[in-house]
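Residue numbers start at 1 and run along the sequence shown.
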Amino acid sequence: MQESKKRDAGELKFSYGGQAVIEGVMMRGAHSMAVAVRNPKGEIVIHEQPLSARLYRGRIARTPFLRGLIGLWDALGLGIRALMWSADVALDEEEDISFNGPIGWATIAVSLLIGVGIFFLLPTATATGIGNLLGLSASAPEIVIDADGNEIEVLPESTNILAYEALPVGIDAFLINLIEGVVQLSILVVYIWFVGRTKDGRRIFAYHGAEHKTINAYEAGDDLLPEIVSRHAIEHPRCGTAFLLTVVFVSVLLFSLIGRPPFALLILSRVIFIPVIAGVAYEFLKYTASNLDKAWIRFMIRPNLALQHLTTNEPSLDMIEVAIVSFKRVLLSEGILREEEATIPEPRPEAAHSPGSV
């Protein structure tokens, strides 16, 4: 497949992104998204969908902090429905599925509730209990009057480990919030590790590596050919894994500014501040990705890049080919490639797979 004139490194119109799906890759630009999946016959099947101009090219996309919501939408909206579609194709049950509609919205809503419960509310409750066990916060003592009229502090008899006295901003509140962040990060790492131990998980993580390599090759100005793309790094500073790790650190700092309010308000604050945390995390990643020439930035993002080794595996050339096809369809919608440069390759029987194969 012949490429157009090599583009200079850094000549970018958009911060392209994507994610791995089942036996394929979803790529997203400013105008459209494309999902490329290899079916059991070795054919690459494509689904393309235009993206909302208001969301991706309007004021939201240009407004600092607010544009971080796009990252959430990518992960929850486009990502989940792309996974649903890819599962049908990978099982040779492809249908003309719309990425919009009641089923899609219901799936996003349920996934959001589960995600918030596991990665925000569970760590909050766990950290509160640990804080009580360590004596960092405890239920407020009751004041009683004895027979002589003296005031006496009496600790409540409640055994509720979540009962505690609200804490103002200070070292105790910071330590409990830090414990909450550690619990949050631990749940994330254990979840990723568990997924990566499964056969399907290993293949998805390999496609994740193919997505990273493809975008790295494009941003470096290299031709989008599997053999060339395969030489590029498997990590990427704008990765969603890096975003999640940044969310943990931002949440610890942000919640430390409000102390530990009463439990009901504590839980409510974790939900209300999700858009704020996402906005700050997005701006941090955007800034660091644009300033990789600075040594202190490269040092700062080392944990983000290191965590990506849990969510990426080295892809095969046929996996990279799928990622390239998906990305080229996005570049076509941007007017960067011509139609003949973004054609879908002929089926490769040697790339055919069976569900669960490695």
Side-chain angles (χ1 to χ4, degrees), residues 13-38 44-63 66-90 94-116 119 195 204-205 207-212 214-215 218 236 238-244 247 274-275 278-279 281-282 285-286 311-312 322-334 342:
K13 291 189 176 183
F14 190 75
S15 294
Y16 298 98
Q19 73 168 59
V21 295
I22 299 174
E23 294 301 329
V25 173
M26 182 268 282
M27 292 287 192
R28 184 263 304 160
H31 294 81
S32 72
M33 57 86 72
V35 189
V37 176
R38 195 181 293 279
I44 298 179
V45 182
I46 293 288
H47 178 96
E48 299 176 78
Q49 177 179 325
L51 297 176
S52 167
R54 178 180 298 179
L55 185 62
Y56 285 88
R57 302 187 296 280
R59 183 175 300 177
I60 293 178
R62 298 191 300 270
T63 304
L66 186 59
R67 59 193 174 191
L69 295 176
I70 297 177
L72 281 179
W73 172 251
D74 276 347
L76 296 172
L78 299 180
I80 292 172
R81 286 178 286 183
L83 276 169
M84 293 169 59
W85 183 81
S86 68
D88 284 334
V89 175
E94 182 192 2
E95 301 174 7
D96 187 14
I97 298 174
S98 172
F99 278 31
N100 299 298
I103 295 179
W105 285 106
T107 302
I108 294 171
V110 171
S111 301
L112 179 60
L113 289 175
I114 294 175
V116 169
F119 294 107
V195 172
I204 289 176
F205 287 174
Y207 276 105
H208 189 196
E211 176 230 328
H212 283 187
T214 300
I215 294 178
Y218 178 75
H236 194 283
R238 294 195 309 272
C239 173
T241 307
F243 178 78
L244 292 175
V247 162
I274 287 177
Y282 178 87
L285 287 183
K286 187 176 180 65
T311 64
T312 56
V322 173
I324 291 173
V325 168
S326 177
F327 191 47
K328 282 186 173 182
R329 299 307 297 181
V330 170
L331 295 179
L332 176 65
S333 72
E334 309 274 316

Among Q19, E211, H208, side-chain contact (heavy atoms from CB on, under 4.5 Å) partner for C239: H208
Distance (rounded to the nearest 0.5 Å) between [X] [atom1] and [Y] [atom2]:
X	Y	atom1	atom2	answer
I215	M27	CD1	CE	4.5 Å
F205	T241	CZ	OG1	7.5 Å
L83	I204	CG	CD1	6.5 Å
R28	S326	CZ	OG	11.5 Å

Are the side chain of [X] and the backbone N or O of [Y] linked by a donor-acceptor pair below 3.5 Å?
X	Y	result
R329	A342	yes
R57	A30	yes
R38	V45	no
S86	I22	yes

Which atoms form the tightest heavy-atom contact between [X] and [Y], and what is the distance?
X	Y	result
T63	R59	OG1-O, 2.6 Å
V330	S333	O-OG, 2.6 Å
F243	A281	CE1-CB, 3.8 Å
I46	A36	CD1-CB, 3.4 Å
L51	G29	CD1-O, 3.5 Å

Note, M33 side chain near M26 side chain (heavy atom, < 4.5 Å): yes
Non-hydrogen side-chain atoms of E23 and V322 separated by less than 4.5 Å: no
Geometric class of the W85/H47 ring pair [parallel <30°, tilted 30-60°, perpendicular >60°]: tilted
